[in-house]
Each structure stands twice: as structure tokens, then as C-alpha cells.
Enquirer: 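Sharing a structure with you now.
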Amino acid sequence: MRIASWNVNSIRARLGALTKWLDAQQPDVLLLQETKVVDDDFPREDLSRRGYSIVFAGQKSYNGVAILAQHPIRNVTIGFHDDDPGADKRLITATIGDLRVSSAYVPNGKDITHPAFAEKLRWLERLREFLQAERARHEQPVLVGGDFNVAHDERDVWSPAQFAGQLHFHPDERARLDALIAAGFFDSFRRFCAEPARYSWWDYRGYTARGNRGLRIDYLFLDQSLEERCKSAGIDAEPRQWDKPSDHVPVWVTID
DNA sequence: ATGGCACCCGGAGGGTGA
């Protein structure tokens, strides 16, 4: 089973790139973030005719998450268990096969001095609590993929000196990823690759002129019980070179 | 040193992203 996660930065603007990538890669499961579309306008036909079942939770203009699968999707949960009705659509969870999978879009935090930064930290804590609760509620091992908007260590930022203490690399954010790992979820990519400069996001501004100035902020964290079944993981940087690209690329994992 | 692009909505240009 191959599972991927991709922040597409608008599913409508990215429909060409998304379907091109799906046709080439045909993952069993794809977790999407930043669909930026209300549910009534979600382009379900373009995906369902490729054999994918789809569940999604969207809102106008911002955020929005989805799960595509070539297998039946059951027990869908939107958001956290204690969300307010008007909460941002940043999380969707479902059971596929013998896995409990979540697609997560972590708030970016705007700036470390902005109130949104504290909300980002709180959201990351709530995500960990949610995943632990899901682990207790369901018999299936839990997997979460998404745009975490946090680079975990020095290998994951193009300039550790420039990013030190800044948004996306602040110690308080990195500590939230440490807490997720301490709770028993491992960074699947790092199980197979220790190299620096393997990024999942590059800024639109000056992309071609800048060289490989990116961040690794997209992850697939797997319950530790999946360690032996997890056979490979990677980042597919190619779609960043396509026309009209997302600023993020797909990250993926295979599980026996 | 700074900002640089892309997307949203709405029908101009400001908000947001990372």
C-alpha cells in the first residue's frame, strides 16, 4: 500500500498537475491539504473516474483537506473531537483497509510574535492529543500525513542560521514535533533517509533563481507499531518543476 | 536590505501563505 500526502495549494488551480501525478503514480491513498474549495464545488468527478473514493472537508478561500483512496473509506471524522462548528477545515480522518489515516493542515502561525503563533502551537498539541485518542478508540494503527509548517531539524531548512528562532523553525514548534514522536509516531522519511536538504516546499518567489532553498515541512508520521511494515518513504520533487506547480510536492510511504 | 509569487474573492486590490 502506497500512501502519499500533498499540499496542492488549491485543488481547482492544481487539477491538471494533480491528475497528471495520480495517473503516473496511482497511490492507494492520497492525503490533500489546502484544497481551498467549498464542498459543493469539489472536483469529485475528475478523481472518482480514476477509481478513487473521496472524502473532504472544505471552506471558502482557505484551508480544506481531503482523502482519496482506491479502497473503501469508512468512519470519517472531520476536525478534532471537541471542535467548534465554525472551526477551520484543517483535519480529516478515516479508516482505509487496516489503517486509521489523517490528513492535517497545521496553521502557519504568521509570525512568532503574532497571536496566531500561540494558536499554531496549541493546534499541534491538540493534534497529538487527537491522534492518541484515535489510537485508543480504534483498533487500526494511526497514520497522519500533512503540511505541518514546521521544519524538524537543521537538515530540514536551507539555512539553519537564517531560520534560527524564526517561524517554521522556532524551538517551540520543533518541540511539538518532538512531542508527537515521543508519543509514538515516527517520521517515516527519516527512517530511510538521513540526508540534509531533502525538501518538500520551495517559495514561489524567485524559485528558479534561488537554487535548492527549501524546507521539509510535509510529513507522514506513523504509529510505531507500523515500523516493521513500513518498507520505504520518499519525497517526489518532480512536480515542483511542472507548469503551474504547487509550492509543495508529494511525500509518500509504502506499508506492507 | 528588501522583496520577489501564487491563490483567493470579486471585479480592484487587499488578505493569506511560508
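Worth knowing before you read on, the calculation uses all heavy atoms, side chains too, and leaves out hydrogens, waters and symmetry mates. Chain letters run A, B, ... following the sequence lines, proteins first and then strands; every chain starts at 1.
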Enquirer: Looking only at atom P, what distance separates B:dG17 and B:dT2, rounded to whole Å?
Expert: 22 Å
Enquirer: With a 4.0 Å cut-off on heavy atoms, is A:Asn149 in touch with a base, just the backbone sugar-phosphate, or nothing at all?
Expert: sugar-phosphate
Enquirer: Measuring only the P atom in each nucleotide, how far is B:dA18 from B:dA6? A whole number of Å is fine.
Expert: 16 Å
Enquirer: Run the ring pair (Phe, Tyr, Trp, His ring centres under 6.0 Å) test against A:Phe117 and tell me which residues pass, sequence neighbours left out.
Expert: A:His170
Enquirer: So, do A:Val29 and A:Leu143 sit near enough that their side-chain heavy atoms are less than 4.5 Å apart?
Expert: no
Enquirer: Please tabulate, one pair per line, all N/O donor-acceptor pairs under 3.5 Å involving side-chain atoms of residues 193-201 of chain A, not counting sequence neighbours.
Expert:
from: A:Tyr199; atom 1: OH; to: A:Val157; atom 2: O; distance (Å): 3.3
from: A:Tyr199; atom 1: OH; to: A:Trp158; atom 2: N; distance (Å): 3.3
from: A:Ser200; atom 1: OG; to: A:Ile217; atom 2: N; distance (Å): 3.1
from: A:Ser200; atom 1: OG; to: A:Asp218; atom 2: N; distance (Å): 3.0
from: A:Ser200; atom 1: OG; to: A:Asp218; atom 2: OD1; distance (Å): 2.6
from: A:Trp201; atom 1: NE1; to: A:Asp247; atom 2: OD2; distance (Å): 3.1

Enquirer: Please measure how far the C1' atom in B:dG15 lies from the corresponding atom in B:dG10, and state the result in whole Å.
Expert: 13 Å
Enquirer: For atom P, what is the distance between B:dG3 and B:dC7, given to the nearest Å?
Expert: 22 Å
Enquirer: Of all residues at least two apart in sequence or in a different chain, which pass the ring pair (Phe, Tyr, Trp, His ring centres under 6.0 Å) check with A:Phe80?
Expert: A:Trp123, A:Phe130
Enquirer: Here's a test of your reading of the structure: between A:Thr35 and A:Asn7, which maps to the more 5' nucleotide of DNA chain B?
Expert: A:Thr35
Enquirer: Under 4.0 Å, counting only non-hydrogen atoms across every strand here, what does A:Leu215 touch: a base, just sugar-phosphate, or nothing?
Expert: sugar-phosphate
Enquirer: If a pair satisfies salt bridge (Lys or Arg N to Asp or Glu O under 4.0 Å) and one of its residues is in residues 206-217 of chain A, list it, with sequence neighbours excluded.
Expert: A:Asp156-A:Arg216, A:Asp187-A:Arg216
Enquirer: Please enumerate all residues that pass side chain to side chain donor-acceptor pair (under 3.5 Å) together with A:Arg44, with sequence neighbours excluded.
Expert: none
Enquirer: So where does chain A start and stop touching DNA chain B, 5' to 3', when the test is distance under 4.0 Å to a non-hydrogen atom?
Expert: B:dG4 to B:dA18
Enquirer: Distance between the P atoms of B:dG4 and B:dG14, in whole angstroms?
Expert: 13 Å
Enquirer: Counting any heavy atom closer than 4.0 Å, what does A:Phe163 reach on the DNA or RNA strands: base, sugar-phosphate only, or nothing?
Expert: nothing
Enquirer: Please tell me which of A:Arg12 and A:Glu34 maps to the more 5' nucleotide of DNA chain B, matching each residue to the nucleotide holding its nearest heavy atom.
Expert: A:Arg12
